[in-house]
Amino acid sequence: MIKNFYETILAQSTPIGYGGIGIIRISGKKSKIIAKKILNKKLIPKKAKYTSFKNKKGKIIDFGIAIYYKSPNSFTGEDILELQCHGGQEIINLIIKSIIELKIKNIRIAEPGEFTERAYLNNKIDLIQAETINNLIYSTSEENIYSAIKSFKGVFSKKIKKFIKIINNLIYITEKEISFSEKEINFIKIKKIKKKINFLYKKIKKTYKKSKKSLFINNKIKICIIGKPNVGKSSLMNFLTNKKTSIVTNIPGTTRDIIKKYLSTNNFKIEINDTAGIHKTNNQIEKIGIKKTWKTINKSQIIIFIDNALDTTEKEIYNKYKKKIQKKIKNKKKILYLIRNKIDITKEKYKIIKKKKYTIINISIKNKYGTKTIKSEINKKINQINKKNLFLVQQRHLNLIKKILQEIKNIKKIIKININNKNINLDIIYLNLFNSHKLLNEILGTPKFTSKNIINNIFRKFCIGK
């Protein structure tokens, strides 16, 4: 959190180094005084002014553009002065040094993310939007950018605010009923609560599913190639990446560590992992590699399980995966491809079998039979995600929404069990509603409901000058 809200802060907003332009941002009550001292000119709010930048002795340091934003009409909600100078690092450093040397009281260098934090604390943006700014800066694909912009515009925030409004209304109805607890409970109103609770649960669950999908697409899409040694994992990796990324030999256990390669396709950032072969071994190095393989499997959204067509039939391959792999995976809901390789030896034809939970593809990597299908199938799966309805979410949002669903599920359960015998505990319902209300506000970052540690951790990830 900001140490002293009354202080004026300044920092370089462009990356450290050399470029065509350098930007210095100043926010706080002393911005106007700094402008007068180093520009010696009166600035009109939101009007760019070409001028010289001077030190305290009046010596010109550089020429550039100055823009003044008057509170509350600025990013932080405070007075802001923005100086655009030439992009030499020494010039930027000298201007910052000259401002500090003015020795104006309560002026200091900003901490990481402090400009955005002030925008949040001055109610210019909520915490969801603040988190989105950092994601926008570090976007790795076109889809990341569009999702981030959607969240910054408040698409996700509006959904959360709607849920808060419904819960506020339910809290009001419940409180009213509790206050008349001496009389008979109005079961017409209980049915009204039940109807609203069912509606709310349905809407939040839909948002949760969409949020999971959004998290999937805005993080790197991880693909994990797994199987026993010498079935063609490294050959498939080389085909998918169009490079000799992995070493290919006839010796089992050649790959002993995770080999990663990053690709950008269909506007998504993809991480492909070639893993150590999963098998029983006494070799300590291989054991470490296999342990890393299990960690990679659990973190991946797409699993490619490859096996030798000589060793497994189309009917057997899923059961083999289920027995050896799936039971050890924490999250079972993975996009799964079961690849039967080396059909050139078994003299089988290329084939693709699509099931509800998985897809089987018969291929020969060596002779390039059916290999292009794997690429096109993965692309199809990625493109199935409805891009238009996605917004940016964080893992913390997802965790909180999950807790909210549980609170509302508890209410549904209480009403369902007790509505017939007319013995409903409204105090418990009220507590569940209050908890849901608190958790929703925590997503938005409402200061009353959000701990200082959460806020500190979020803004600590920002760069200085943002």
Side-chain angles (χ1 to χ4, degrees), residues 1 120-121 123 125-131 151 154-212 214-215 391 393-458:
M1 291 290 284
Y120 160 67
L121 291 170
N123 297 316
I125 54 173
D126 58 43
L127 202 56
I128 294 169
Q129 291 168 306
E131 289 169 287
S151 272
V155 173
F156 186 46
S157 299
K158 282 173 187 173
K159 284 180 181 289
I160 301 301
K161 283 171 185 173
K162 276 183 183 177
F163 299 149
I164 290 171
K165 195 175 177 181
I166 295 166
I167 285 177
N168 279 340
N169 182 251
L170 283 164
I171 286 171
Y172 171 75
I173 295 166
T174 310
E175 275 180 336
K176 207 173 175 183
E177 284 303 302
I178 289 168
S179 64
F180 292 104
S181 58
E182 289 177 9
K183 297 178 182 180
E184 192 177 345
I185 293 170
N186 187 335
F187 276 86
I188 295 168
K189 284 191 178 175
I190 296 298
K191 284 176 183 177
K192 189 180 177 183
I193 291 171
K194 183 186 175 183
K195 192 178 177 181
K196 284 195 174 188
I197 284 293
N198 289 339
F199 171 80
L200 186 65
Y201 184 79
K202 191 179 174 183
K203 289 289 178 184
I204 294 177
K205 197 170 184 180
K206 190 178 177 181
T207 301
Y208 179 74
K209 284 180 180 178
K210 203 173 278 188
S211 298
K212 276 183 82 174
S214 182
L215 193 70
F391 38 75
V393 298
Q394 310 297 325
Q395 186 61 53
R396 80 168 190 95
H397 303 153
L398 210 59
N399 294 341
L400 290 167
I401 295 169
K402 200 173 180 179
K403 286 180 183 178
I404 293 159
L405 282 170
Q406 189 55 55
E407 294 287 345
I408 296 167
K409 208 172 181 179
N410 291 343
I411 298 170
K412 279 166 65 73
K413 196 175 177 181
I414 291 163
I415 294 172
K416 189 179 178 180
I417 293 167
N418 299 309
I419 197 163
N420 292 329
N421 58 21
K422 297 185 178 183
N423 187 28
I424 291 175
N425 192 325
L426 289 172
D427 291 320
I428 296 172
I429 290 175
Y430 176 82
L431 185 63
N432 290 134
L433 287 169
F434 181 80
N435 289 341
S436 302
H437 181 264
K438 183 180 177 291
L439 291 164
L440 284 164
N441 275 285
E442 201 175 314
I443 294 171
L444 281 178
T446 309
K448 185 182 172 183
F449 298 98
T450 312
S451 75
K452 288 180 181 180
N453 285 338
I454 290 168
I455 294 166
N456 281 338
N457 288 334
I458 288 166

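All residue numbers refer to positions in the sequence shown, counting from 1. Since this is a predicted model, take the numbers as computed values, not measurements.
Atoms CD1 and CD1, on Ile197 and Ile415 in that order, are 6.0 Å from each other to the nearest 0.5 Å. Atoms CD1 and CD, from Ile408 and Gln406 in turn, are 10.5 Å apart once rounded to the nearest 0.5 Å. Put simply, CD1 on Ile204 and OG on Ser436 are 7.0 Å apart, with the number rounded to the nearest 0.5 Å. For the atom pair CG of Asn410 and CG of Leu405, the computed distance is 11.0 Å after rounding to the nearest 0.5 Å. In this structure, Ile404 CD1 and Ile160 CD1 are separated by 6.5 Å, a value rounded to the nearest 0.5 Å. How far CG of Leu433 is from CG of Leu200: 8.5 Å, rounded to the nearest 0.5 Å.
Every residue two or more places apart in sequence or in another chain was checked for a side chain to side chain donor-acceptor pair (under 3.5 Å) with Thr174, and none qualifies. With sequence neighbours excluded, no residue forms a side-chain contact (heavy atoms from CB on, under 4.5 Å) with Lys162. By the side chain to side chain donor-acceptor pair (under 3.5 Å) test, Asp427 is found to be paired with no residue, residues two or more places apart in sequence or in another chain being considered. Evaluation of the side chain to side chain donor-acceptor pair (under 3.5 Å) rule for Tyr208 yields no partner, not counting sequence neighbours. In this structure, the ring pair (Phe, Tyr, Trp, His ring centres under 6.0 Å) partners of Phe449, at least two apart in sequence or on a different chain, are His437. Qualifying side chain to side chain donor-acceptor pair (under 3.5 Å) partners for Lys412, counting only residues two or more places apart in sequence or in other chains: Asn198.
With a 4.5 Å cut-off on side-chain heavy atoms, Ile443 and Phe156 count as touching. The shortest side-chain heavy-atom distance between Leu444 and Ile128 falls under the 4.5 Å cut-off. Residues Ile166 and Phe199 are in side-chain contact: their nearest non-hydrogen atoms beyond the backbone lie under 4.5 Å apart. Side-chain contact between Leu121 and Ile455 is absent, with no heavy atoms from C-beta onward closer than 4.5 Å. Taking the side chain as every heavy atom from C-beta outward, Gln395 and Leu398 approach each other to under 4.5 Å.
For residues 194-206, no pair satisfies salt bridge (Lys or Arg N to Asp or Glu O under 4.0 Å), with sequence neighbours left out. For the salt bridge (Lys or Arg N to Asp or Glu O under 4.0 Å) condition, the pairs that include at least one residue of residues 396-411, sequence neighbours left out, are Glu131-Arg396.
Although no hydrogens or angles enter the test, the distance criterion places a donor-acceptor pair under 3.5 Å between the side chain of Gln129 and the main chain of Asp126.
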Worked check of side chain to side chain contact (heavy atoms under 4.5 Å, CB included) between Tyr120 and Ile458: CA-CA 12 Å; Tyr120 160 67; Ile458 288 166; over 6 Å; no
Side chain to side chain contact (heavy atoms under 4.5 Å, CB included) evaluation trace for Ile414 with Asn432: CA-CA 11 Å; Ile414 291 163; Asn432 290 134; 4.0 Å; yes
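Considering every non-hydrogen atom in both Thr450 and Asn441, the closest pair reads OG1-O, 3.8 Å.
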